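Chain identifiers are assigned alphabetically (A, B, ...) following the order of the sequence lines, protein sequences preceding nucleic acid strands; residue numbering begins at 1 within each chain. Everything numeric here is computed off the predicted structure, so don't read it as measured data.
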Amino acid sequence: MSNALDDADERIWQVVAQIPRGRVATYGQVAALAGLPRGGRRVGRAMAQLPQGSALPWHRVINAAGRTAIPGAGGERQRRLLRAEGVMFVNGKVNLQRWRWCP
DNA sequence: CCCCTGACATCGT
DNA sequence: GACGATGCCAGGG
């Protein structure tokens, strides 16, 4: 069976999948595009529960401050993946005005 | 049902 | 820019 919550997760994945290589989006932005205006935390949880090796470009999702929000060593891995796509980090953060995905 | 916690966001100090 | 408080949504004990 399917309920509204599963549909929301599906929309979240759909949005994240559209973020172009070399660009980033914030949790709040993804939530809004997925039809969840104040669902930033919801998006973070959806990302946290993705299985490793997922095809979803989860690393392109960062917080509103332009920083990676993953605890532990995950943040460094995320920054490595983004830099590999050309996204530049200055003082540990991304200039959203420049790298934010604007659909 | 109450309380705490988290890959969030925003505001005030 | 760092911090704490507040609001928000969902899980878990």
Side-chain angles (χ1 to χ4, degrees):
Chain A
M1 63 177 251
S2 71
N3 56 48
L5 299 181
D6 294 329
D7 291 342
D9 281 331
E10 208 169 315
R11 288 198 301 278
I12 289 173
W13 300 329
Q14 176 73 24
V15 171
V16 174
Q18 289 175 47
I19 307 172
R21 188 173 175 291
R23 305 302 287 294
V24 299
T26 68
Y27 292 95
Q29 178 183 2
V30 171
L33 290 171
L36 304 167
R38 284 163 285 301
R41 304 196 84 124
R42 190 69 203 298
V43 173
R45 218 175 56 71
M47 296 300 101
Q49 298 182 0
L50 285 177
Q52 268 204 328
S54 167
L56 222 64
W58 56 270
H59 58 282
R60 298 181 192 146
V61 184
I62 60 182
N63 66 23
R67 295 177 174 283
T68 58
I70 305 176
E76 193 162 337
R77 183 160 32 114
Q78 180 174 20
R79 286 190 289 279
R80 184 174 65 68
L81 289 168
L82 285 174
R83 291 192 1 180
E85 303 188 337
V87 176
M88 290 167 45
F89 277 82
V90 179
N91 293 325
K93 68 174 188 176
V94 171
N95 180 333
L96 291 175
Q97 288 293 330
R98 175 175 172 181
W99 301 99
R100 184 156 143 93
W101 169 47
C102 301

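B:dA7 and C:dG13 have their C1' atoms separated by 22 Å, given to the nearest Å.
A:Q49 has its side chain within reach of A:R45: a pair of non-hydrogen atoms, C-beta onward, lies under 4.5 Å apart.
The two residues A:G40 and A:A31 make their nearest non-hydrogen contact at N-CB, 3.8 Å.
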- Task: List the steps, then state whether side chain to side chain contact (heavy atoms under 4.5 Å, CB included) holds for A:L36 with A:R11.
- Result: CA-CA 9 Å; A:L36 304 167; A:R11 288 198 301 278; 4.2 Å; yes
- Message: Test side chain to side chain contact (heavy atoms under 4.5 Å, CB included) on A:V16 and A:M47; report intermediate values, then the result.
- Response: CA-CA 10 Å; A:V16 174; A:M47 296 300 101; 3.9 Å; yes
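With sequence neighbours excluded, the residues forming a side chain to side chain contact (heavy atoms under 4.5 Å, CB included) with A:A46 are A:D9, A:I12, listed by chain and number.
Between the CD atom of A:Q52 and the CH2 atom of A:W58 there is a distance of 8.0 Å, given to the nearest 0.5 Å. Here the CD1 atom belonging to A:I62 is positioned 7.5 Å from the OG1 atom belonging to A:T26, to the nearest 0.5 angstrom.
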Report, one line per pair, each donor and acceptor closer than 3.5 Å where one atom sits in a side chain of residues 92-103 of chain A; sequence neighbours left out.
residue: A:N95; atom: OD1; partner: A:Q97; partner atom: N; Å: 2.9
residue: A:N95; atom: OD1; partner: A:R98; partner atom: N; Å: 3.4
residue: A:R100; atom: NH1; partner: A:Q29; partner atom: OE1; Å: 2.7

Which side-chain N or O atoms in residues 74-86 of chain A pair as donor and acceptor under 3.5 Å with protein atoms at least two apart or in another chain?
residue: A:Q78; atom: NE2; partner: A:H59; partner atom: O; Å: 2.9
residue: A:Q78; atom: NE2; partner: A:V61; partner atom: O; Å: 2.9
residue: A:R79; atom: NH1; partner: A:T68; partner atom: OG1; Å: 2.8
residue: A:E85; atom: OE1; partner: A:G22; partner atom: N; Å: 3.0
residue: A:E85; atom: OE1; partner: A:R60; partner atom: NE; Å: 3.0
residue: A:E85; atom: OE2; partner: A:H59; partner atom: NE2; Å: 3.0
residue: A:E85; atom: OE2; partner: A:R60; partner atom: NE; Å: 3.2
residue: A:E85; atom: OE2; partner: A:R60; partner atom: NH2; Å: 2.7

- If a protein heavy atom is under 4.0 Å from the base, mark B; if only from the sugar-phosphate, S; if neither, -; do that for nucleotides 4-10 of chain B going 5' to 3'. --BBBSS
Write out a two-atom table: protein N or O, nucleotide N or O from nucleotides 11-13 of chain B, distance below 3.5 Å.
none

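Distance, A:K93 NZ to C:dA2 C1': 12 Å, rounded to whole Å.
At a non-hydrogen distance threshold of 4.0 Å, nothing from residues 79-91 of chain A comes into contact with DNA chain B.
Under the 4.5 Å side-chain heavy-atom criterion for Ile, Leu, Val, Met, Phe, Trp and Tyr, A:F89 and A:I70 are members of distinct hydrophobic clusters.
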